[in-house]
Amino acid sequence: MTEDDTVDDDQLTGGPLAGDRRTDGLLTIGAFAARARLSAKALRLYDRLGLLAPAHVDDGTGYRYYRADQVERARLVALLRQLDMPLARIAEVLGAEGPEAAGRLAAYWADVESRVAGQRTLAEYLRGRLSGRSPEMYEKFVIETVDVPAQVVITESRHTLADELPTWIGVSFGRLEAAARECGGMTGAPFVVYHSEVSMESDGPAESCVPVADEAAARAWAAGRGRAWKTAVRVESAARLAYTRITKAQVAHPQILAAFEAVEQWMAGEGLEMAGPCREIYFADWDAAGPHDPVCDVAFPVR
């Protein structure tokens, strides 16, 4: 007989409850599961994860027993699971009380809505591609070329997935811009170079770059930093860039993919070859910019 087989017999005839005062007034796992509208399997899982421990476990039989006042917690767990909340996040909510618990739930749901909004935008982008409307999507981008001189850059590299990328870009730019003060000051807009694809399946690496005035000071700075942030100094050769300018709203994934693809399509039409990894050049104050303000050039070195 299994633990679940004792549901009715334990309650009506005594079963493992009989003669044991420690289980007086307690519910077997089967009876408790019925009240809480959960399966016994789910209750055992919640026990293992520390979300809902039985009031008593029989040393000899291993049977679990619950108090009736644990039903509310069990139902709360079940309701949170209906929000697709991971069990670890449920533990965080249950570990708080009152406004704090509500705040943790609100934070989780804000993450869900943000993720769904991103997925909705991606679905719209993919519908455009699958329906053959990609050329229409690319037509809204103005493609130009510009010649840029050689420049000394201090850099920080990282393997990162797409969901972590925006935060890392902001933080790494902050570190490099602060370091630029030790290297003669900034001489141009910071930019990110993608040495390999960054997506939810591919982690680059990406490289944040800040142009600086003093190469010797930059190399001294990098030597002092060691390998803590994978910093480096190099001289970027003079290059011609094919680029399109996009707004702050267009920087978000997947809108930015259309910008990259538009430049690639234009390059192919002009008979130009890619001469280096693609990049994003951030020429505006990100925090001060509005959604429709131009902030970034999506660019490819060409020959």
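Here CG of L87 is found 4.5 Å from CZ of R81. Values are rounded to the nearest 0.5 Å. With rounding to the nearest 0.5 angstrom, the CD atom of E280 is 10.0 Å from the OG atom of S208. In this structure, E215 CD and I154 CD1 are separated by 12.5 Å, a value rounded to the nearest 0.5 Å. Atom CG of L176 is separated from atom OG1 of T231 by 8.5 Å, given to the nearest 0.5 angstrom. With values rounded to the nearest 0.5 angstrom, L43 atom CG is found 5.0 Å from I29 atom CD1. Here the straight-line distance linking atom CD of E264 with atom CZ of F300 works out to 4.0 Å at 0.5 Å rounding.
L272 places none of its side-chain heavy atoms less than 4.5 Å from the side chain of R303. By the 4.5 Å heavy-atom criterion applied to side chains, V152 and E236 are not counted as neighbours. You'll find the side chain of R127 stays beyond 4.5 Å of the side chain of L130, heavy atoms only. Taking the side chain as every heavy atom from C-beta outward, V298 and I246 approach each other to under 4.5 Å. Between R73 and L94 the shortest side-chain heavy-atom distance falls below 4.5 Å. F32 has its side chain within reach of L52: a pair of non-hydrogen atoms, C-beta onward, lies under 4.5 Å apart. Taking the side chain as every heavy atom from C-beta outward, D297 and F191 never approach each other to under 4.5 Å. Contact of the L83 side chain with the L105 side chain is registered, since non-hydrogen atoms from C-beta on lie closer than 4.5 Å.
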Check: Which is it for R89 and D111 under the salt bridge (Lys or Arg N to Asp or Glu O under 4.0 Å) test, yes or no, and what are the steps along the way?
Finding: CA-CA 12 Å; R89 296 290 291 269; D111 290 343; 3.8 Å; yes
Notebook entry, point to check: What's the verdict on side chain to side chain contact (heavy atoms under 4.5 Å, CB included) for L51 and I90, showing C-alpha distance, side-chain angles and the deciding distance?
Noted result: CA-CA 8 Å; L51 297 177; I90 291 177; 4.1 Å; yes
Checklist line | Check against side chain to side chain contact (heavy atoms under 4.5 Å, CB included), T247 and D293 | finding: CA-CA 5 Å; T247 66; D293 292 330; over 6 Å; no
Next item on the list: Check the pair I281 / L241 against side chain to side chain contact (heavy atoms under 4.5 Å, CB included), numbers first and verdict last.
Entry: CA-CA 11 Å; I281 305 166; L241 301 179; 3.9 Å; yes
Next item on the list: Apply side chain to side chain contact (heavy atoms under 4.5 Å, CB included) to D84 and Y108, showing your working.
Entry: CA-CA 10 Å; D84 292 327; Y108 166 75; 4.2 Å; yes
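Both tests pass for R245 against the ring of F283: distance under 6.0 Å to the centre and angle within 45° of the axis.
For the pair Q265 (side chain) and A262 (backbone), a donor-acceptor distance under 3.5 Å is absent. In this structure, the side chain of Q70 engages the main chain of R67 through a donor-acceptor pair within 3.5 Å. Checked by atom type and distance alone, the side chain of D214 pairs as donor or acceptor with a backbone atom of A216 at under 3.5 Å. A donor-acceptor contact shorter than 3.5 Å is absent between the side chain of S202 and the backbone of V198. No donor-acceptor distance shorter than 3.5 angstrom exists from the side chain of T28 to the backbone of Y65, with no hydrogens or angles considered. The closest donor-acceptor contact from the side chain of T187 to the backbone of A213 lies at 3.5 Å or more, if one exists at all.
Nearest heavy atom pair, residue A55 against residue L26, reads CB-CD2, 4.2 Å. Considering all non-hydrogen atoms of both residues, A33 and A40 come closest at CB-N, 4.0 Å. Between V71 and A36, the shortest heavy-atom distance links the atoms CG1-CA, 4.3 Å. Residue A222 comes nearest to V233 through the heavy atom pair CB-CG2, 3.6 Å, listed as atom of the first residue, atom of the second, then distance. Between P211 and V153 the shortest heavy-atom distance is CA-CG1, 3.8 Å. C183 and V212 get closest at one heavy-atom pair: O-CB, 3.6 Å.
Hydrophobic clustering (side-chain heavy atoms under 4.5 Å, transitive across Ile, Leu, Val, Met, Phe, Trp, Tyr) groups M274 together with V192. Two different hydrophobic clusters hold Y138 and Y243 under the rule that ILVMFWY side chains link at heavy-atom gaps under 4.5 Å. No chain of hydrophobic side-chain contacts below 4.5 Å, direct or via other Ile, Leu, Val, Met, Phe, Trp or Tyr residues, connects V146 to I143. In the hydrophobic clustering of this structure, F141 does not group with L257; members are Ile, Leu, Val, Met, Phe, Trp, Tyr whose side-chain heavy atoms approach within less than 4.5 Å, directly or through other members. Side-chain heavy atoms closer than 4.5 Å link hydrophobic residues (I, L, V, M, F, W, Y) into clusters, and following such links, possibly through other members, connects L38 to L80.
The existence of a salt bridge linking E156 and R175 is confirmed by a sub-4.0 Å separation between a basic side-chain nitrogen and an acidic carboxylate oxygen. Note on R35 versus E72: no salt bridge recorded, every NZ/NE/NH1/NH2 to OD/OE distance being 4.0 Å or above. Ion pairing between R234 and E207 holds under the 4.0 Å rule for side-chain N and carboxylate O. At a threshold of 4.0 Å, the pair K248-D285 does not count as salt-bridged, since none of the basic side-chain nitrogens sits closer than that to a carboxylate oxygen. Between R104 and E92, none of the side-chain N atoms (NZ, or NE/NH1/NH2) sits under 4.0 Å from a carboxylate O, so this pair counts as no salt bridge.
Only one option out of P205, S157, C278 pairs with H195 in a side chain to side chain contact (heavy atoms under 4.5 Å, CB included); it is P205.
Taking the six-membered ring where the residue is Trp, Y282 and F173 present perpendicular rings, their angle passing 60° and hence far from 30°. Below 30°, between 30° and 60°, or above 60°: for F260 and Y194 the angle between ring planes is above 60°, a perpendicular geometry.
Within a 6.0 Å sphere centred on CZ of R219, other residues, nucleotides and ligands contribute more than 12 heavy atoms. R75 CZ: more than 12 foreign heavy atoms inside a 6.0 Å radius.
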